[in-house]
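Report on the structure given below.
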2 protein chains.
Amino acid sequence: MATLKDIAKHANVSACTVSRYLNDDIVIKKETEERILHAIKELGYVRNVVAKSLKRKETFNIAVILPKINNLYYSEITSGISQTLGKHHYNLYIYEVDNLNLQEEAILQLMRENMVAGIIFIGLFSDTSFSESIQNVIDWNIPVVYANRCMPFEGFPLLYPDLVQASKLGTEYLQASGKNKLAFVHKKVPDQLLALFLEGYRQATNSDEKPLLLEISDELELVKDCIPTLVENSIEGVFVLNELSAVYLTKALVQANIRIPEDMAVLSLGNSLMSQISTPELTCVDLQNRELGIKSAEMILSQIRKEEFEPVTVLAPCIVVRKSA
Amino acid sequence: MATLKDIAKHANVSACTVSRYLNDDIVIKKETEERILHAIKELGYVRNVVAKSLKRKETFNIAVILPKINNLYYSEITSGISQTLGKHHYNLYIYEVDNLNLQEEAILQLMRENMVAGIIFIGLFSDTSFSESIQNVIDWNIPVVYANRCMPFEGFPLLYPDLVQASKLGTEYLQASGKNKLAFVHKKVPDQLLALFLEGYRQATNSDEKPLLLEISDELELVKDCIPTLVENSIEGVFVLNELSAVYLTKALVQANIRIPEDMAVLSLGNSLMSQISTPELTCVDLQNRELGIKSAEMILSQIRKEEFEPVTVLAPCIVVRKSA
DNA sequence: TTGTAGGCGTTATCAT
DNA sequence: ATGATAACGCCTACAA
């Protein structure tokens, strides 16, 4: 493999000139340029990014740490990240926590060993230890973005969808369709998060009454257990705070001969392919996952370049109307 | 950041000893070991993999090149790869071709620049230029695996599901359920690939008659256009050679008041979450995507270690029975 | 506009 | 069992 030095020798210039020509765009004598270009082609030179990274003490690798990649929710965000990083010639590492069998600490160690240029966390570390972990990363001067989490600002860059707004939009939409008795169906979720949805409901209804709150598991078989409760409470519209659960609930409702949306409207939170292929197709609040990914990557790049950036970015959700509400 | 040298100095040994202690497991004086360990802890040493890579002329990064990651088909394979790589302490790069706006050549250049330890191609380069590209990579001594493609062996490691067997299994299953008049519904696909499915059908039926072949687009709206043809030909069972199309066709059939599986059985090729959330849930031929990923990664690792390995691996599909057939 | 020389942090070779 | 030294390929003062 030809190196910079080989090129330099072949073109009768110093390695330094070649390096500068290739990296910075400096002025160079036309004739020198031609000799360099010719040498590069002739020797089939490919630059060595590893050597460059060592010298510069920085890589062009950004790590995305997420629970699992074979989940549309995460892979859509990841795709957004990939899109932005590609545009700026950064490489993308994926670390699947559920798959990796590593402790937080070990993963972060990996980041340092590999000198990643930045880390994007997606939907992770819900326990208290996590903000400590992130603080570590920051102390090591590794740019971080924490995406997909709704939480108070604790000193590190944050990026999440506006869940209050999502809840408000959803509630308003259901009510505008004449559905006034609402239930919020959700998986086990921190109270803090639930509070955001309730706040959105409050803003939409302008009253102190609350929607029926129903906690469910994500198993298809178990979802149907909540249908009697919905019926007994003469619920007219359900806002399911998880897309897969929405799909399952919809299936169960259809099976129970409950007409959607006439007897009961179903609104899903999240707009992946799942909502589209559900029967009936789900009306949903789109949390803008790809956009979230794009913005996350931009935020990391800003940090790397030491540009100014807004440390908390909140994404505005929007309604996508289909058939279920 | 403390370096090896710092550790060495602090422990009163040479850098070389520390390096050997950390990497190879050599015999070392108990006392020396303690001093090293102590220094590492005290200085908070983290090894620099980039420097190591430069010196060793090898990285621990494996690249996966695929069309897009936000697609369950690819992300399941990727997750399998991730699982295996993680176990062996390799990092995973993702390159989304659809997103990257780069030519084949530019992507491969990227691989060389970054000295990736291996490349896994998934479902790519269907044009003729591709095998040339792969030949390039091989010439550069980069281990390669080409996954998810059914093609003759051309000198590089290959890995794909047994589509003939898939077709045979599917056909047999449908026939065993009393469905004898079958249609194969597929998106635009190379003749060569279609031939495999026909061969599977032949093996299952032991006759020269062919199933009805119906080419469709993947748009929900257009899928229903093929229903009249199915009905006119009094088709009893449909084998859809693409999971998403199967979901859409199923939707359309339900909407057309055709009972599934009584009036028409639907069999899907592929077993992602999509088949599970379809209504009715789709019986399918599982192509073993995660397994494909796991095996791909193993194949790359074998190459890296210069172990013997089987250059062509064919995965056996299996039927997963649900409701649609 | 171009060149010289040193070093990024590690490992390999050869020596002790 | 441990050390000294020289690379790996590149970038960057500083010098010319």
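Note on naming: letters A, B, ... go to the chains in the order of the sequence lines (proteins, then strands), and numbering restarts at 1 for each one.
For the pair B/Lys5 and A/Ala2, both in contact range of DNA chain D, the more 5′-proximal nearest nucleotide belongs to B/Lys5. If you find the closest nucleotide of DNA chain D to A/Ala51 and to B/Val13, the one lying nearer the 5' end belongs to B/Val13.
B/Leu54 comes within 4.0 angstrom of a nucleotide base, judged by non-hydrogen atoms across all strands. Among the protein residues, B/Leu4 comes within range of the nucleic acid bases, having at least one heavy atom under 4.0 Å from a base atom. Using a 4.0 Å heavy-atom distance criterion, B/Val50 is classed as making no nucleic acid contact. Heavy atoms of A/Asp6 sit nowhere under 4.0 angstrom from any nucleic acid atom. Counting any heavy atom pair closer than 4.0 Å across all strands shown, B/Ser53 reaches no nucleic acid atom.
Taking the screw axis at each terminus of the helix from C/dT1-D/dA16 to C/dT16-D/dA1 from five consecutive base pairs, the angle between the two is 30° to within rounding of 10 degrees.
In this structure, B/Arg47 pairs ionically with A/Glu113, as a charged nitrogen and a carboxylate oxygen lie closer than 4.0 Å. Ionic pairing of B/Lys30 and B/Glu34 is not present here: no N-O contact between side-chain nitrogen and carboxylate oxygen is shorter than 4.0 angstrom. A salt bridge does not link A/Glu31 with A/Lys29: none of the charged nitrogens is closer than 4.0 Å to a carboxylate oxygen.
Listed pair B/Thr3 / C/dC8 fails the phosphate criterion, with no side-chain N or O lying under 4.0 Å from OP1 or OP2. Side-chain N/O atoms of B/Tyr21 include none lying less than 4.0 angstrom from OP1 or OP2 on C/dT10.
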Can you give me the N/O atom pairs linking the protein to nucleotides 4-6 of chain C at distances under 3.5 Å, or say none if there are none?
| unit_1 | atom_1 | unit_2 | atom_2 | d |
| --- | --- | --- | --- | --- |
| C/dG6 | N2 | A/Lys55 | NZ | 3.2 |

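Note on ring orientation: taking the six-membered ring where Trp is involved, the planes of B/Phe60 and B/Tyr90 are tilted (angle from 30° to 60°).
Of all nucleotides listed (D/dG9, C/dG3, C/dT10), C/dT10 comes nearest to the side chain of B/Asn48. Checking C/dG9, D/dC10, C/dT11 against the side-chain heavy atoms of B/Arg56 singles out C/dT11 as nearest.
For CD of B/Glu308, the number of neighbouring non-hydrogen atoms (other residues, nucleotides, ligands) closer than 6.0 Å is 12 at most.
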